[in-house]
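Numbered from 1 within each chain, the chains take letters A, B, ... in sequence-line order.
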Protein chains: 2
Amino acid sequence: MTDLSTEHAVAPRRRRAPRGQGDRLREEIIDATERLLVEKGDQDAVSIRAVADAVGVSPPSIYLHFEDKNELIFAVCERHFARFDAILQAARESEDDPVESLMACGRAYVRFGLENPEHYRILFMTKPEQTPESWTAEKVMGSAAFEHLVEAVAMAIDSIDIQPRPDPVFVSISMWSIAHGITSLLLTHPNFPWPDRDALVEYVLTMPIRGLLPR
Amino acid sequence: MTDLSTEHAVAPRRRRAPRGQGDRLREEIIDATERLLVEKGDQDAVSIRAVADAVGVSPPSIYLHFEDKNELIFAVCERHFARFDAILQAARESEDDPVESLMACGRAYVRFGLENPEHYRILFMTKPEQTPESWTAEKVMGSAAFEHLVEAVAMAIDSIDIQPRPDPVFVSISMWSIAHGITSLLLTHPNFPWPDRDALVEYVLTMPIRGLLPR
DNA sequence: TGTACATCAGTGAACGCGCGTTCACTGATGTAC
DNA sequence: TGTACATCAGTGAACGCGCGTTCACTGATGTAC
């Protein structure tokens, strides 16, 4: 470590981008922000100055590429939400049986949250006012991720042929809230004497489906 | 409104407490903090200065009664957690049938969260490091509230006589996580196009119990 | 009944901090002539 | 081939802000004599 008085990592001064490639800095800024977010584990600890230091650039340079801090965080969110969706899709396709496929989604959801706590926090646990503008519910609702979930639920429902056929959107939302419940509690109360984590996840994830089965 | 330049409400300067009743200020401070918390709807917006202004006292006076800000927030938490437990207990006793009694608990839980969003946030949605010291999981786990839940679950289980008898603690935790899931999602995503809220709550709360019933 | 004094419940002013953001600028690089 | 110039990717220094907390203090109130 060669830094003298600063608390956070300071990258060596970055070389200026060649003409016409000013946008390269934009990507570097997003990368650094995401890295900081993970390292510090706290959205509030990620300041414009810290990001600038991590990139090896001066604070005002950030403003060449982002309107304000909000927009920067938003960019990070978008990128990670896409990754989140990709992971869920991969899990879904890993199983042939529709019900198993749905369960795989659920497990992947919880795992994503536990492995990316700070991203999960920003995506799903941040109060509305603190969320970057335009990162609204419509965004989530209209997102590929949510559509994919509804699809998976619909296929599971059809495969076990329940009468009367429940609304896949309603069941999807229930599943989402249940997966979110266990994920967020595990994140906020890591020291709680949880029972076996996998068993718990398995149990609660099964519920919305099992509840639908005929008696 | 007669305040001139300050943003938040400033109480008239408070009259000094008579000899031997210095502790009266302590209660007034907790009251004011709680009021501010609800008004501002943001834990971070509650500053020592704002609290002092709300009470009608100078900032250093706070330190006569609390070690630091952390301890002040902690005091507010404790008080509210007790209230929370009382509400759940009342709900539980409002029904005779054990299963109905448990459901009443669940509904009361969700309602408490929605009606006291900022308190709920502090109690259950704050990251471990931000939580006041000693407001640990052991606190929650050992709390009256949790014991009461386990009791209610055990009674419900026994009343419907499931074989083999599931672990009431395990089921309690599942119920908690499910109630928490729907509560916290409703809080963080108020603009999401939720289906009928009561139906949703009813549906997810039923799950952990229905899942236990014999096929 | 009067007064010196200890105690108690506070206060006023200042500390150092890190923050988001703005402003006027600089200096390397490519281009026109 | 040489040079003036516009453009572009940045920079340095400063702004005002609100924060938690500390320090030396004040002045009303009850008590001892």
A.B. asks: Quick one: do A:F112 and A:F124 satisfy ring pair (Phe, Tyr, Trp, His ring centres under 6.0 Å)? Show the steps, please.
C.D. replies: CA-CA 12 Å; A:F112 175 89; A:F124 296 120; 8.2 Å; no
A.B. asks: Are there over 12 heavy-atom neighbours, none belonging to A:Q21, within less than 6.0 Å of that residue's CD?
C.D. replies: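 Enclosed: over 12 neighbouring heavy atoms sit under 6.0 Å from CD of A:Q21.
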A.B. asks: Please pick, from C:dT21, C:dA9, C:dG27, the nucleotide with the shortest atom-to-atom distance to any side-chain atom of A:D68.
C.D. replies: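 Taking heavy atoms from C-beta onward, the closest nucleotide is C:dT21.
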A.B. asks: Are A:S58 and D:dG10 close enough that a side-chain N or O sits under 4.0 Å from OP1 or OP2?
C.D. replies: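 False: A:S58 side-chain N/O out of range (4.0 Å or more) of D:dG10 OP1/OP2.
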A.B. asks: Take atom CG of B:L72 and atom C1' of D:dG20, then tell me their distance rounded to the nearest Å.
C.D. replies: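 In whole Å, D:dG20 C1' and B:L72 CG are 12 Å from each other.
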A.B. asks: Quickly work out the A:Q21 CD to D:dT7 C1' distance and round it to whole Å.
C.D. replies: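 In whole Å, D:dT7 C1' and A:Q21 CD are 16 Å from each other.
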A.B. asks: Nearest-Å distance, CZ (B:R24) to C1' (C:dG10)?
C.D. replies: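 In whole Å, C:dG10 C1' and B:R24 CZ are 14 Å from each other.
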A.B. asks: In whole angstrom, give the distance that lies between atom CG of A:D23 and atom C1' of D:dA9.
C.D. replies: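 Distance check: A:D23 CG to D:dA9 C1' gives 11 Å.
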A.B. asks: Just compare D:dG20, D:dT11, C:dA13 and give me whichever is closest to any side-chain atom of B:P60.
C.D. replies: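 Of the options given, the side chain of B:P60 lies nearest C:dA13.
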A.B. asks: Going through the distances and angles, do A:F74 and A:F66 end up as a side-chain contact (heavy atoms from CB on, under 4.5 Å)?
C.D. replies: CA-CA 10 Å; A:F74 177 52; A:F66 301 92; over 6 Å; no
A.B. asks: Report the base-pairing partner of C:dG27 (Watson-Crick or G-U wobble, both distances below 3.5 angstrom), or none.
C.D. replies: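 C:dG27 is paired with D:dC8.
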A.B. asks: Assuming nearest nucleotide by heavy-atom distance, tell me which of B:E67 and B:R19 is located more 5' along DNA chain D.
C.D. replies: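 Its nucleotide being nearer the 5' end, the pick is B:E67.
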A.B. asks: Consider the side chain of A:V57, meaning its heavy atoms from C-beta on, and name the nucleotide among D:dT22, D:dT11, C:dC19 that approaches it most closely.
C.D. replies: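 Within the option list, the nearest is D:dT11.
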A.B. asks: Can you tell me how far P of C:dG18 sits from CG of A:D53, to the nearest Å?
C.D. replies: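 Computing the A:D53:CG to C:dG18:P distance gives 12 Å.
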A.B. asks: Is the phosphate of D:dT11, meaning OP1 or OP2, less than 4.0 Å from a side-chain N or O of A:R13?
C.D. replies: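 A:R13 to D:dT11 OP1/OP2: side-chain N or O found under 4.0 Å.
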A.B. asks: Answer yes when B:E34 and B:R83 have at least one side-chain N-carboxylate O distance shorter than 4.0 Å, and no when they do not.
C.D. replies: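 Counted as a salt bridge, because a side-chain N and a carboxylate O are separated by less than 4.0 Å.
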A.B. asks: Closest to the B:R16 side chain: C:dT21, C:dG10, D:dA9?
C.D. replies: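 The answer is C:dG10.
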A.B. asks: Look at all strands and tell whether A:S61 reaches a base, only sugar-phosphate, or nothing, counting heavy atoms closer than 4.0 Å.
C.D. replies: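 Answer is base: heavy atoms of A:S61 come under 4.0 Å of a base.
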A.B. asks: Could you tell me which nucleotide pairs with D:dA32 by Watson-Crick or G-U wobble geometry, both distances under 3.5 Å, or answer none if nothing does?
C.D. replies: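 Here D:dA32 is engaged in a pair, and the nucleotide opposite it is C:dT3.
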A.B. asks: Pick the closest DNA chain C nucleotide for B:L64 and for A:K69 by heavy atoms, then say which residue is nearer the 5' end.
C.D. replies: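 With B:L64 and A:K69 compared, the 5'-side residue is B:L64.
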A.B. asks: Whom does C:dT22 pair with, Watson-Crick or G-U wobble, provided both distances fall under 3.5 Å?
C.D. replies: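 Per the H-bond distance test, D:dA13.
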A.B. asks: Could you check how far CZ of B:F66 sits from C1' of D:dT21, rounded to whole Å?
C.D. replies: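 Spelled out: CZ on B:F66 to C1' on D:dT21 is 16 Å.
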A.B. asks: Rounding to an integer number of Å, can you tell me how far B:Q43 CD sits from D:dC19 P?
C.D. replies: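 In whole Å, D:dC19 P lies 14 Å from B:Q43 CD.
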A.B. asks: Distance check needed: C:dG10 P versus B:I62 CD1, whole Å only.
C.D. replies: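 Interatomic distance, CD1 of B:I62 to P of C:dG10: 11 Å.
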A.B. asks: Under 4.0 Å between a side-chain N/O of B:R26 and OP1 or OP2 of C:dA9, yes or no?
C.D. replies: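 Answer no for this pair, as no side-chain N or O of B:R26 is under 4.0 Å from OP1 or OP2.
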A.B. asks: Between A:D85 and A:R92, does at least one N-O distance fall below 4.0 Å, as a salt bridge requires?
C.D. replies: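 Looking at A:D85 and A:R92, the cut-off is not met.
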A.B. asks: Can you tell me which residue among A:H80, A:Q43, A:R79 is in a side chain to side chain donor-acceptor pair (under 3.5 Å) with A:H119?
C.D. replies: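 It is A:H80; the other options fail the test.
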A.B. asks: On a plain distance test, is the side chain of A:R49 in donor-acceptor contact with the base of C:dG20 below 3.5 Å?
C.D. replies: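 Counting by modelled atom types and ignoring angles, a donor-acceptor contact under 3.5 Å is found here.
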